[in-house]
Amino acid sequence: MVETLTPTSSPPPFWRRSDPNHHHPRRWIPSACAFFLSTHKTFLTALCLASFVTIVYWQRGAGGGGFSLFAPAFPLRQLPKLRPVAFNLTDFGGVGDGVTLNTAAFEKAVRAISKLGGKGGGQLNVPPGYWLTAPFNLTSHMTLFLAEGAVILGIDDEKYWPLMPPLPSYGYGREHPGPRYGSLIHGQHLKDVTITGHNGTINGQGQAWWRKYKQKLLNHTRGPLVQIMWSSNILISNITLRDSPFWTLHPYDCKNVTIKNLTILAPVFQAPNTDGIDPDSCEDMVIEDCYISVGDDAIAIKSGWDQYGVRYGRPSKNILIKNLVVRSNVSAGISIGSEMSGGVSNITIENIYIWKSRRAVRIKTAPGRGGYVRGLTYRNLTFDTCRVGIVIKTDYNEHPDMGYDPKAFPVLEDISYTSIHGESVRVPVRIQGTAEIPVKNVFFQDMSIGIAKKKKHVFQCAYVEGRVVGTIFPAPCENLDLYDEAGNLVRRSTSQNSSDIDYDI
């Protein structure tokens with residue numbers, strides 16, 4: 001029986017149930033129009049109707065090609081599309097016994113759907129079972145739907161994994177020069193793709209890859225679990241991703257991407273480089289309502305590596321990350337960089353709970369990167385048992401080769417932290433600028449973080465300028481200007497270049 005795609009419904013997460021902005025503004029439009037119609041004549045009637053039309057189009061968003069006077073700052077969330085045609089993997093000879101290799105079945109199904117693009121595309125249902133496969137490609141106008149109990153298993157023998165050229169903005173395999181392994185589920189130059197389900201699982205069976213990597217038995221960079229490149233209108237939701245050989249979910253140079261309701265898992269130790277989600281040179285993206293616990297950064301926003309990233313010139317911008325629970329024992333909950341040479345801007349990170357992590361939120365870069373990180377808003381973050389809370393690091397010296405320009409200094413500016421709270425944090429803030437890479441216009445307000453150990457320096461700064469509004473805990477470093485709650489200057493800093501960085505943490 002063909003399983004029909006029906007969007008699942010569930011109560012909103014706890015952080016949204018009391019959100020006064022979580023409502024539909026259309027409810028007040030009729031009463032507002034009635035008020036104006038009862039008191040004014042033709043002009044205001046036309047104005048009210050125009051306002052109604054404007055708001056409706058604003059809710060649709062500017063990305064859909066329609067007229068919009070007020071485009072939202074970020075793309076609105078997408079819903080899974082109902083395709084006119086649906087197939088089961090078993091229609092193409094798939095066997096879900098965990099032993100039979102189903103690569104041919106997936107490839108036949110994708111070919112069938114590729115012929116339906118002009119008719120709205122098609123859906124491939126993966127029924128309950130264990131579906132072993134080598135890497136395969138998706139096609140445009142496709143929905144990959146994983147039923148409850150469906151597990152796509154990546155074969156753990158690297159000879160089945162194709163080799164691909166290095167990413168153009170990296171110029172080099174991330175771990176080895178030359179080609180890199182492709183991803184288990186891959187797509188290039190696609191439009192209108194959905195990967196969703198009833199919490200089915202894509203399992204990369206990364207254990208063999210991790211072991212061979214540690215033993216230096218691999219000659220090429222490991223492949224991601226899911227990688228979508230040069231594509232647009234992508235929705236990934238309501239599934240579990242686990243045990244990737246390398247980065248788990250890697251959207252590369254994509255636009256209009258929605259990622260929501262994902263569970264992403266890997267061992268928190270001994271699972272090297274298993275980042276959760278790595279938006280890379282992406283634009284207009286929403287990541288929300290996810291749980292991520294992995295062996296590296298839970299999220300790392302990237303945009304290319306040194307001279308290759310500068311030359312490629314595609315920034316990551318207009319990204320909203322909200323309503324997440326994340327954990328990273330060996331790295332950071334949410335990182336920017338270190339590969340950020342194409343630039344990173346207009347990023348909002350809010351309503352995040354980060355627990356038992358080495359670092360909570362981090363920006364990492366180095367001389368030679370070039371590029372910029374600017375326009376970052378961190379809001380309503382909770383740190384629970386983290387070694388360091390807020391980190392900006394400017395000496396993350398990993399380079400693809402010796403061709404980088406050591407005088408290509410990145411620009412770090414316009415970064416705000418508001419409503420930051422936590423407990424059991426050893427060093428709440430460490431912002432390490434340098435004379436060549438100063439950190440400019442940093443803003444703090446409403447911060448209170450409980451300290452795990454008594455240390456002399458718990459708000460550490462070097463080559464930083466910015467301001468603090470109101471009282472925060474711990475007390476800020478002397479590099480920052482102080483303002484009261486009314487915005488009146490209390491103390492102007494004369495020590496922006498002073499340093500009290502303590503690496504003994």
Side-chain angles (χ1 to χ4, degrees), residues 332-334 336 345-352 354 359-365 372-384 386-395 409-505:
I334 298 179
I336 311 293
S345 66
N346 193 24
I347 311 296
T348 296
I349 299 167
E350 63 182 5
N351 301 348
I352 312 293
I354 304 165
R359 307 166 191 90
V361 293
R362 174 172 63 169
I363 300 168
K364 47 184 177 177
T365 186
Y372 54 86
V373 175
R374 62 167 64 104
L376 271 58
T377 299
Y378 296 89
R379 182 169 52 233
N380 193 21
L381 310 184
T382 300
F383 307 155
D384 183 354
C386 298
R387 191 168 182 178
V388 190
I390 294 168
V391 181
I392 299 179
K393 182 177 177 63
T394 56
D395 60 353
F409 299 119
V411 174
L412 307 180
E413 62 187 5
D414 303 335
I415 304 165
S416 72
Y417 302 91
T418 59
S419 297
I420 313 295
H421 304 282
E423 61 182 10
S424 298
V425 178
R426 195 179 299 186
V427 174
V429 178
R430 191 176 77 191
I431 301 177
Q432 177 203 356
T434 64
E436 296 78 17
I437 312 175
V439 183
K440 298 182 178 181
N441 195 24
V442 179
F443 175 85
F444 286 91
Q445 185 175 25
D446 182 21
M447 184 175 81
S448 177
I449 301 176
I451 301 170
K453 291 185 177 182
K454 290 184 177 180
K455 289 181 62 66
K456 182 178 180 181
H457 301 297
V458 291
F459 198 122
Q460 302 179 8
C461 298
Y463 291 91
V464 179
E465 63 179 70
R467 66 193 190 279
V468 175
V469 173
T471 301
I472 65 173
F473 185 85
C477 60
E478 62 182 10
N479 307 60
L480 302 174
D481 299 336
L482 301 183
Y483 290 78
D484 62 21
E485 294 286 358
N488 301 309
L489 179 65
V490 175
R491 187 206 71 192
R492 178 78 68 186
S493 173
T494 59
S495 307
Q496 284 94 348
N497 297 341
S498 65
S499 176
D500 59 359
I501 299 296
D502 177 6
Y503 285 96
D504 183 22
I505 58 171

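Numbering of residues begins at 1 and proceeds along the displayed sequence. Both backbone and side-chain heavy atoms feed into the values below; hydrogens, waters and symmetry mates do not. Worth saying up front: this structure is predicted, and the values here are computed from it rather than measured.
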(request) With sequence neighbours excluded, tell me which residues meet salt bridge (Lys or Arg N to Asp or Glu O under 4.0 Å) with Arg362. (result) Asp297
(message) If I take atom CD from residue Glu485 and atom OG1 from residue Thr471, how far apart are they, to the nearest 0.5 angstrom?
(response) 6.5 Å
(request) Applying side-chain contact (heavy atoms from CB on, under 4.5 Å) between Thr365 and each of Leu412, Val411, Val373, report the one that passes. (result) Leu412
(request) Evaluate the side chain to side chain contact (heavy atoms under 4.5 Å, CB included) criterion for residues Ile392 and Ile415: first the C-alpha distance (whole Å), next the side-chain angles of each, then the deciding distance (0.1 Å), finally the verdict. (result) CA-CA 11 Å; Ile392 299 179; Ile415 304 165; 4.2 Å; yes
(request) For Glu413, check salt bridge (Lys or Arg N to Asp or Glu O under 4.0 Å) against everything at least two apart and list the hits. (result) Arg374
(message) Applying ring pair (Phe, Tyr, Trp, His ring centres under 6.0 Å), can you list everything that pairs with Phe459, at least two apart in sequence or on another chain?
(response) Phe444
(message) Using 0.5 Å steps for rounding, measure from the CD1 atom of Ile363 to the CD1 atom of Ile334.
(response) 11.5 Å
Show me, pair by pair, the donor-acceptor contacts under 3.5 angstrom made by side chains of residues 475-484, not counting sequence neighbours?
from: Glu478; atom 1: OE2; to: Ser498; atom 2: OG; distance (Å): 3.3
from: Asn479; atom 1: OD1; to: Ser498; atom 2: OG; distance (Å): 3.4
from: Asn479; atom 1: ND2; to: Ser495; atom 2: O; distance (Å): 3.1
from: Asn479; atom 1: ND2; to: Gln496; atom 2: O; distance (Å): 2.8
from: Asn479; atom 1: ND2; to: Ser498; atom 2: O; distance (Å): 3.0
from: Asn479; atom 1: ND2; to: Ser498; atom 2: OG; distance (Å): 3.4
from: Asp481; atom 1: OD1; to: Ser493; atom 2: N; distance (Å): 2.7
from: Asp481; atom 1: OD2; to: Arg492; atom 2: NH1; distance (Å): 3.1
from: Asp484; atom 1: OD1; to: Ala486; atom 2: N; distance (Å): 3.0
from: Asp484; atom 1: OD1; to: Gly487; atom 2: N; distance (Å): 3.0
from: Asp484; atom 1: OD1; to: Asn488; atom 2: N; distance (Å): 2.8
from: Asp484; atom 1: OD2; to: Asn488; atom 2: ND2; distance (Å): 3.2

(request) Could you grab the distance from atom CD1 of Ile437 to atom NZ of Lys393, nearest 0.5 Å is fine? (result) 11.5 Å
(message) Using the salt bridge (Lys or Arg N to Asp or Glu O under 4.0 Å) criterion, which residues pair with Arg467? Sequence neighbours excluded.
(response) none
(message) So, taking the atom named NZ in Lys453 and the one named CZ in Arg426, what distance separates them when rounded to the nearest 0.5 Å?
(response) 4.0 Å
(message) Can you list everything that forms a side-chain hydrogen bond (donor to acceptor under 3.5 Å, both in side chains) with Ser419? Sequence neighbours excluded, please.
(response) Asp446
(message) Let me confirm one number: the CD1-CG distance from Ile420 to Asn380, rounded to the nearest 0.5 Å.
(response) 8.0 Å
(message) Which residues pass the side chain to side chain contact (heavy atoms under 4.5 Å, CB included) test with Thr377, not counting sequence neighbours?
(response) Thr348, Arg379, Ser416
(message) With side chain to side chain contact (heavy atoms under 4.5 Å, CB included) as the criterion, how do Val361 and Ile354 come out once you've worked through the C-alpha distance, each side chain's angles and the decisive distance to 0.1 Å?
(response) CA-CA 9 Å; Val361 293; Ile354 304 165; 3.8 Å; yes
(request) With sequence neighbours excluded, tell me which residues meet side chain to side chain contact (heavy atoms under 4.5 Å, CB included) with Asp414. (result) Asn441
